[in-house]
Amino acid sequence: MILDEQIISVEKVNHIGDFKLELEFNDKTCQVVDFYPFLSSSLNPLIRKYLSPEEFSKFEIDEGDLEWNDYDLCFPIADLYENKIVH
């Protein structure tokens with residue numbers, strides 16, 4: 001759980017296969033997040049396009065946020081940190 005006074009950011013990302021990313025945060029916490037359930041359950045074509053392995057692999061870290069295509073797709077840091085991506 002993130003405490004109120006904590007500022008958490010993503011420092012490193014490793015693509016470990018399919019739609020799974022290993023995220024390392026600035027407090028050295030690591031999470032393996034599987035994005036497939038979120039992506040596959042979405043009805044939005046702008047989100048579903050990231051079911052393409054090529055599109056999914058274009059993630060970046062921008063000022064501590066994990067994002068795709070200039071924030072076309074991004075997730076709240078707290079959700080990533082707690083590995084609770086809402087489907």
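Count residues from 1 along the sequence.
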Would you kindly say whether Asp27 and Thr29 are connected by a side-chain donor-acceptor distance under 3.5 Å? yes
Say you draw a straight line from SG of Cys74 to CG of Asn69; how long is it, rounded to the nearest 0.5 Å? 11.5 Å
Measuring from Ser40:OG to Ile47:CD1, what's the distance to the nearest 0.5 Å? 11.5 Å
Are the side chains of [Y] and [X] in contact, using a 4.5 Å heavy-atom criterion?
| X | Y | answer |
| --- | --- | --- |
| Leu73 | Leu39 | yes |
| Phe56 | His15 | yes |
| Phe59 | Val10 | no |

Apply the test side-chain contact (heavy atoms from CB on, under 4.5 Å) to residues Phe19 and Val33: give CA-CA distance (whole Å), side-chain angles for both, the deciding distance (0.1 Å), then the verdict. CA-CA 8 Å; Phe19 299 95; Val33 179; over 6 Å; no
The complete set of salt bridge (Lys or Arg N to Asp or Glu O under 4.0 Å) pairs with one or both residues in residues 57-68, sequence neighbours excluded, reads Glu55-Lys58
Verify same cluster id: Leu66, Leu51 (apolar side-chain graph, 4.5 Å): yes
Is Leu23 linked to Ile16 within one hydrophobic cluster, defined over Ile, Leu, Val, Met, Phe, Trp and Tyr using a side-chain heavy-atom separation of less than 4.5 Å? no
Which pair of non-hydrogen atoms, one from Leu80 and one from Ile85, has the smallest distance, and what is that distance? CD2-CD1, 3.6 Å
Heavy-atom closest contact (Leu46 atom, Lys49 atom, distance): O-CG, 3.4 Å
Residues Glu11 and Lys28 bridged, charged N to O under 4.0 Å: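 Lys28 and Glu11: salt-bridged.
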Run the side-chain contact (heavy atoms from CB on, under 4.5 Å) test on Asp34 and Asn83 for me, step by step, so that the C-alpha distance in whole Å, both residues' side-chain angles and the decisive distance to 0.1 Å come before the verdict. CA-CA 9 Å; Asp34 184 358; Asn83 201 353; over 6 Å; no
Step-by-step side-chain contact (heavy atoms from CB on, under 4.5 Å) determination, Ile8 to Asn26: CA-CA 6 Å; Ile8 298 295; Asn26 60 326; 3.8 Å; yes
Is there a donor-acceptor contact under 3.5 Å from the side chain of Gln31 to the main chain of Tyr81? yes
Within a 6.0 Å radius of atom CG on Asp18, are there more than 12 heavy atoms belonging to other residues, nucleotides or ligands? no
Ring centroid separation Phe35 to Phe75 under 6.0 Å: yes
